[in-house]
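First up is the structure itself, then whatever we jot down about it.
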Amino acid sequence: MPSAFSWPDVWVMYEPYRPMLCYPARGVGTLWSDGAPCTPEALAALIGRTRAQVLTALAEPGSTTALARRLGLTPGAVSQHLAVLSDAGLVARRRLGREVLYRRTPVGESLAAVS
């Protein structure tokens, strides 16, 4: 079971309780963040402000829904921007269970590092 409160440890529960393995949830470090990350102006001028925000927000892998919630955009808009970034080779996607997680590629990392 993923948990926001077990970081950085893994907990194991067994009898007399129901057996359970508790581990840190993915992206727990962004749980208490104040919203969208700062977008470098040069990157925004190059690929557009919203795409730059999406690329910058992928410092940790995230789903379309999580990115939409964090950036205050619709999931459809985020999905369109992710498709363009993916076609450009700046992000890669990976299915994990029922969701698809996006992460920056090395080229995306170097572009996002420009300040």
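Counting begins at 1 with the first residue of the sequence.
The two atoms that bring L67 and A57 nearest to each other are CD2-CB, 3.8 Å, heavy atoms only. What you find for L43 and A52 is that their closest heavy atoms are CG-CB, 3.8 Å.
Residues passing the side-chain contact (heavy atoms from CB on, under 4.5 Å) test with L21, sequence neighbours excluded: V10, V12. Residues satisfying the side-chain contact (heavy atoms from CB on, under 4.5 Å) criterion with A66, sequence neighbours excluded, are S63. For V84, the side-chain contact (heavy atoms from CB on, under 4.5 Å) partners two or more places apart in sequence, or in a different chain, are R51. For M1, the side-chain contact (heavy atoms from CB on, under 4.5 Å) criterion is met by M20, not counting sequence neighbours.
In this structure the side chain of L71 never reaches within 4.5 angstrom of the side chain of T50, judged on heavy atoms. In this structure the side chain of R93 reaches within 4.5 angstrom of the side chain of S86, judged on heavy atoms.
With hydrogens and angles disregarded, a donor-acceptor distance shorter than 3.5 Å links the side chain of T105 to the backbone of L90.
Between the CG atom in L58 and the CG atom in L82 there is a gap of 6.5 Å [rounded to 0.5 Å]. Note that the CD atom of Q53 and the CD1 atom of I47 stand 10.5 Å from one another [nearest 0.5 Å]. Between T64 atom OG1 and L73 atom CG the span is 11.5 Å, to the nearest 0.5 Å.
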Which pairs of donor and acceptor atoms, one on a side chain in residues 96-104, lie under 3.5 Å apart (sequence neighbours left out)?
{"unit_1": "R104", "atom_1": "NE", "unit_2": "E109", "atom_2": "OE2", "d": "3.3"}
{"unit_1": "R104", "atom_1": "NH1", "unit_2": "L55", "atom_2": "O", "d": "3.0"}
{"unit_1": "R104", "atom_1": "NH2", "unit_2": "E109", "atom_2": "OE1", "d": "3.4"}

